[in-house]
Amino acid sequence: MYAIVDCNSFYCSCERVFQPKWDDRPVVVLSNNDGCIISRSDEAKDLGVEMAGPYFIAKPLIEKYNVGLFSSNYNLYGDMSMRVMDTLRHLAGDRNVEVYSVDESFVNLFFLPQNKLREFAMELRHTVERWTGVAVSVGVAPTKTLAKLANGIAKKYKRQTECVAVLETGEKIAKALRITPVGKLWGVGGRSQKKLNDLGIHTGWDLRNMPEEWARKNLGGVVGVRLIKELRGEEAIVMDTYEDKKMIATTRMFGNAVTALADIKEAVATYTARTAEKLRRQNSAAGMINVFVVTNEKENRKAVNPHFRHGPTYSSHIVLPYPTSQTNELIKPAIALAEKLYREGKQYKKAGVVLSGIVPDDAIQANMFEQQKSIGRFLMEQIDNINFSMRGDVVKFASSGTKRNWKMRQDFQTPRYTTRWNELCKVS
DNA sequence: TCTGGGGTCCTAGGACCC
DNA sequence: TCTGGGGTCCTAGGACCC
């Protein structure tokens, strides 16, 4: 049996821990650049604030009902996430916890007898809440997909379920599948939903009863087959042990459109530094670097797809002479790529740096600059240690610049309560 | 006027090899 | 006039997730 433990309105919950006056009032958290709504409390949901909707559209509603407004504070959420996951590991054992995203973990419950499942799930819920202040919902079932389904039910019927739903019998699973629209299943997105509905498949139960061979032909091949197996209670998606990322990226919208090459270069250098840091944190090196920029050219884009919000993406990549994790070795090619992509007179909305061809750092072949490299490696470690302990980028490369014309908007940001001494929560 | 920022897995099709 | 059959590796793009 698997549990999925999912934090309720995670970003909102994190903000409320440090500002309890918002506990019973509607709150929302905005994406970078204060662009759209990426977390909303139940109260905000009830007011009709749309998830992932643009802030400017929800603004009248937000102002009318005095909804609490927060810019995203990833330093805080990252740290709170660690606390939640550590609590789960403490209760279930390190190896039985698979962190799935910043606010969700799967927990393997094979060590529990059937009649202890609910009790243990409740213990997970209560302990996380007591130790971190973050409320969670728990779904338990024989497969990951069904556990996600159970979790959806726990969240939807919070009061009846006390945020914990266990589907341990065929009967309960069937009932849950019958009341769940197929589009709500884990792994069924908008495209597949439409396709399934057109074929007269509307509920999870309808899909569960389709033949596997049909899924192989009509539902994304092996992906569809796995989904149906999982719905029937056959494990097809197993616990994932930790693996290094195969691609690491930093991409951002600019606060305002940017036209100067100097600004683009500065942004690309900063993103490269941030990406290299992520790379070193998992002890990897990258063999390829890809830089892209997005303009705001509008012509003809809307006609093709009315949802197009920005212009075309221009991208280019360089295969590095040898894999590296050093910021200085990555910034040079990144800047060269930015220069190559830049066109005078265009307006740029966004840029990004993507590292791939990722290998373990200790597997890097020795090269002529071995000695120089080890010095560089030492330097990188020092910079990382300083930056990590300060949870910001205190030490920067000169090419990252200091003006930051392109920096994003964050008008409602809260302090980094848990990662900066001088931003600690004060109790008066 | 104003619409995140990451990731993963899979498939199809081209290039190339024997 | 007649023109195989496998196999691998790579890339682009689709679909999905949070």
Side-chain angles (χ1 to χ4, degrees), chain A residues 4-11 28-39 50-60 62 70-74 77-78 81 98-106 144-145 148 151-152 155 183-196 215-227 236-237 240 243-257 271 274-275 278 282 287-288 290 292 294 296 298 301-302 305-311 313 315 317 319 347 349-358 408-411:
Chain A
I4 176 104
V5 180
D6 190 323
C7 301
N8 299 343
S9 311
F10 182 55
Y11 297 166
V28 299
V29 174
L30 302 178
S31 64
N32 273 340
N33 222 19
D34 294 341
C36 46
I37 289 155
I38 51 171
S39 182
E50 290 288 328
M51 184 64 176
Y55 166 51
F56 74 92
I57 287 184
K59 200 170 171 185
I62 286 171
F70 300 89
S71 295
S72 34
N73 182 345
Y74 291 108
Y77 312 149
S81 174
E98 176 199 333
V99 176
Y100 179 67
S101 75
V102 69
D103 68 335
E104 278 176 70
S105 269
F106 286 103
K144 285 183 166 181
T145 306
K148 292 282 281 188
N151 194 274
K155 272 206 159 76
K184 297 273 183 206
L185 296 173
W186 190 44
V188 179
R191 295 300 245 277
S192 307
Q193 183 191 2
K194 187 176 181 313
K195 197 164 155 187
L196 290 166
R216 194 183 304 281
K217 288 201 191 72
N218 301 290
L219 203 61
V222 300
V223 180
V225 175
R226 274 207 296 249
L227 176 57
I237 304 173
D240 218 359
E243 271 173 36
D244 288 341
K245 299 235 186 308
K246 293 160 185 160
M247 181 191 111
I248 296 180
T250 303
T251 75
R252 295 265 188 288
M253 302 273 304
F254 300 133
N256 299 298
Y271 299 167
R274 171 64 34 83
T275 316
K278 295 182 196 170
Q282 67 167 41
M288 183 160 96
N290 191 301
F292 70 85
V294 177
N296 67 356
K298 287 244 169 65
R301 306 292 289 185
K302 292 252 180 201
N305 178 345
H307 297 299
F308 259 111
R309 296 189 298 257
H310 38 243
T313 299
S315 80
H317 68 266
V319 174
Q347 296 207 317
K349 289 191 69 176
K350 177 179 183 174
V353 175
V354 184
L355 298 179
S356 56
I358 288 175
M408 62 197 177
R409 275 190 301 273
Q410 287 193 312
D411 294 338

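Lettering of chains follows the sequences in order, A, B, ..., and the numbering in each one begins at 1. The model shown is predicted, which means the values in this text are computed figures rather than measured ones.
Using a distance-only test at 3.5 Å, with no hydrogens or angles considered, a donor-acceptor pair links the side chain of A:Ser71 to the main chain of A:Asp411. Checked by atom type and distance alone, the side chain of A:Asn33 pairs as donor or acceptor with a backbone atom of A:Arg409 at under 3.5 Å.
If you check B:dC10, B:dG5, B:dG6 against the side chain of A:Lys350, the one that comes closest is B:dG5. The listed nucleotides are B:dG4, B:dC10, C:dC18; the one nearest the side chain of A:Tyr100 is C:dC18. Relative to the side chain of A:Val222, the nucleotides B:dG7, C:dC16, B:dC10 differ in distance, and B:dC10 lies closest.
Here A:Leu185 lies in heavy-atom contact (under 4.0 Å) with sugar-phosphate atoms only. At a threshold of 4.0 angstrom between heavy atoms, the contacts of A:Asn33 with the nucleic acid are absent.
Rounded to whole angstrom, the span from the CD atom of A:Glu104 across to the P atom of B:dT8 amounts to 16 Å. What separates CG of A:Asp34 from P of B:dC2 is a distance of 15 Å, to the nearest Å. Following rounding to the nearest Å, A:Tyr11 (OH) and B:dG5 (C1') show an atom-to-atom distance of 9 Å. Between A:Lys59 atom NZ and B:dC2 atom P there is a gap of 14 Å when expressed in whole angstrom units.
Distances shown here put every side-chain N or O of A:Ser72 at or beyond 4.0 Å from the OP1 or OP2 atom of B:dG4. Under 4.0 angstrom from either OP1 or OP2 of C:dC17 there lies no side-chain N or O belonging to A:Lys148. Look at A:Lys245 and you won't find any side-chain N or O under 4.0 angstrom from OP1 or OP2 of B:dG6. In terms of phosphate contacts, A:Lys246 brings a side-chain nitrogen or oxygen within less than 4.0 Å of OP1 or OP2 of B:dC9. For the OP1/OP2 pair of B:dC10 and a distance below 4.0 Å, the side-chain nitrogens and oxygens of A:Arg226 include at least one atom meeting the criterion.
Of the residues near DNA chain B, A:Arg252 and A:Tyr55, the one whose nearest nucleotide (by heavy atom distance) lies more toward the 5' end is A:Tyr55. When each of A:Arg409 and A:Thr251 is assigned the nucleotide of DNA chain B with its nearest heavy atom, A:Arg409 is the one assigned upstream, toward the 5' end.
Because its NZ or CZ atom is not both nearer than 6.0 Å to the ring centre of A:Phe254 and within 45° of the ring axis, A:Lys350 does not count as a cation-pi partner of that residue.
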